[in-house]
Amino acid sequence: MEAKGSICIFVVVLLTMAACSVRAHDASSSCRRKLHCGPSKFFFYMHNTVYNPAVDNREYFNSIYSSPPNVSFPNPFGFGIINTFEDPITVGLSNTSRLLGKAQGFYVLNSFTKYTLFHLFTANVTEGKFKGTIDIFGQMREAEPVRHLSVVGGTGAFLGARGLATCTRVEFDSTPPAKWTLSFDLELYY
């Protein structure tokens with residue numbers, strides 16, 4: 001009789017553990033929802049024109065530098081200067097090609113010894129087949145022709161995106177007001 005009681009208790013405990021395990025699995029799987037897969041490749045051009053009071057281009061600029069930091073030592077690389085931008089992003093090299101949206105963010109000059117920029121921006125894609133945002137950040141060394149930044153998130157068609165943003169400077173004109181065009185080739189994972 002004792003053996004039957006022990007077996008019954010063992011079976012009840014085993015069934016209770018199994019039921020708890022199923023409930024725990026169901027609860028955890030609801031937290032790990034599957035996200036749709038957006039594009040694995042995405043490409044755009046970003047066009048920047050810096051505000052310059054010397055040429056008074058207030059009607060056609062999309063980025064502006066902050067005042068230099070108040071330091072009493074030489075600062076040849078502009079350490080601490082911030083540029084805030086809202087640059088148009090397009091499908092083609094020309095800034096008059098089809099508009100995809102805007103890149104909004106900032107970069108900080110962050111080295112005492114060379115031109116490096118800590119970049120942080122969101123590409124707001126409002127036109128085209130895929131719409132949403134792509135969050136990009138990382139350090140760019142100005143002397144390097146090709147730079148790599150991290151894709152750390154997104155919304156809409158890019159929900160949950162992560163990956164690599166390969167950035168290349170394709171045009172640069174230092175004549176005031178300074179203008180440049182960057183290409184961004186994104187490899188995205190979801």
Side-chain angles (χ1 to χ4, degrees), residues 35-67 78 81-110 115-190:
L35 299 176
H36 74 289
C37 287
S40 59
K41 299 272 190 189
F42 194 74
F43 187 88
F44 61 86
Y45 290 95
M46 186 167 91
H47 307 274
N48 188 282
T49 302
V50 178
Y51 174 69
N52 186 330
V55 294
D56 193 20
N57 64 323
R58 72 181 91 176
E59 300 299 322
Y60 61 96
F61 75 96
N62 49 36
S63 76
I64 192 164
Y65 283 101
S66 67
S67 298
I81 293 176
I82 299 172
N83 178 290
T84 305
F85 60 88
E86 184 178 66
D87 294 349
I89 55 176
T90 63
V91 295
L93 180 58
S94 169
N95 63 358
T96 59
S97 65
R98 187 166 58 89
L99 189 68
L100 287 172
K102 292 183 177 183
Q104 298 166 306
F106 64 91
Y107 60 82
V108 179
L109 293 161
N110 66 341
Y115 286 109
T116 61
L117 316 168
F118 178 76
H119 244 240
L120 177 63
F121 73 95
T122 298
N124 292 297
V125 182
T126 56
E127 303 296 327
K129 181 178 177 183
F130 301 106
K131 294 179 177 76
T133 65
I134 307 165
D135 300 319
I136 299 172
F137 91 109
Q139 187 179 57
M140 294 172 59
R141 289 169 185 82
E142 201 51 35
E144 294 178 2
V146 177
R147 301 86 175 244
H148 300 285
L149 302 169
S150 300
V151 174
V152 296
T155 64
F158 308 100
L159 183 64
R162 61 196 189 287
L164 180 67
T166 302
C167 171
T168 306
R169 186 174 62 199
V170 292
E171 287 185 344
F172 181 74
D173 179 3
S174 62
T175 307
K179 298 177 270 311
W180 58 86
T181 300
L182 304 173
S183 69
F184 282 87
D185 189 3
L186 310 182
E187 293 178 43
L188 303 172
Y189 307 92
Y190 301 88

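The CD atom of E59 sits 9.0 Å away from atom CZ of F61, with the distance rounded to the nearest 0.5 Å. For the atom pair CD (Q104) and CG (N124), the distance works out to 4.5 Å, reported to the nearest 0.5 Å. Residue I64 holds its CD1 atom at 12.5 Å from CD of E86, rounded to the nearest 0.5 Å. To the nearest 0.5 Å, atom OG1 of residue T175 and atom CG of residue N52 are 11.0 Å apart.
Pairing each heavy atom of G78 with each of L109, the nearest pair is O-CB, 3.4 Å. The shortest heavy-atom contact between F121 and A103 is CD1-CB, 3.8 Å.
If you check the side chains of N110 and T116, you find a donor sitting under 3.5 Å from an acceptor. For D135 and T122, the side-chain atoms include at least one donor-acceptor pair closer than 3.5 Å.
Using modelled atom types, no side-chain atom of T90 and backbone atom of N95 make a donor-acceptor pair closer than 3.5 Å. Side-chain N or O atoms of S94 include one that pairs as donor or acceptor with a backbone N or O of T96 at under 3.5 Å. Proximity of a side-chain donor or acceptor of K41 to a complementary backbone N or O of P39 within less than 3.5 Å is not detected. A donor-acceptor pair is defined here as one N or O able to donate and one able to accept, closer than 3.5 Å; such a pair exists between the side chain of R147 and the backbone of E142.
For the side chain to side chain donor-acceptor pair (under 3.5 Å) with D87, the qualifying choice from T181, N48, T49 is N48, the only one to do so.
Taking 4.5 Å as the limit, some side-chain heavy atom of F106 sits within range of a side-chain heavy atom of T84.
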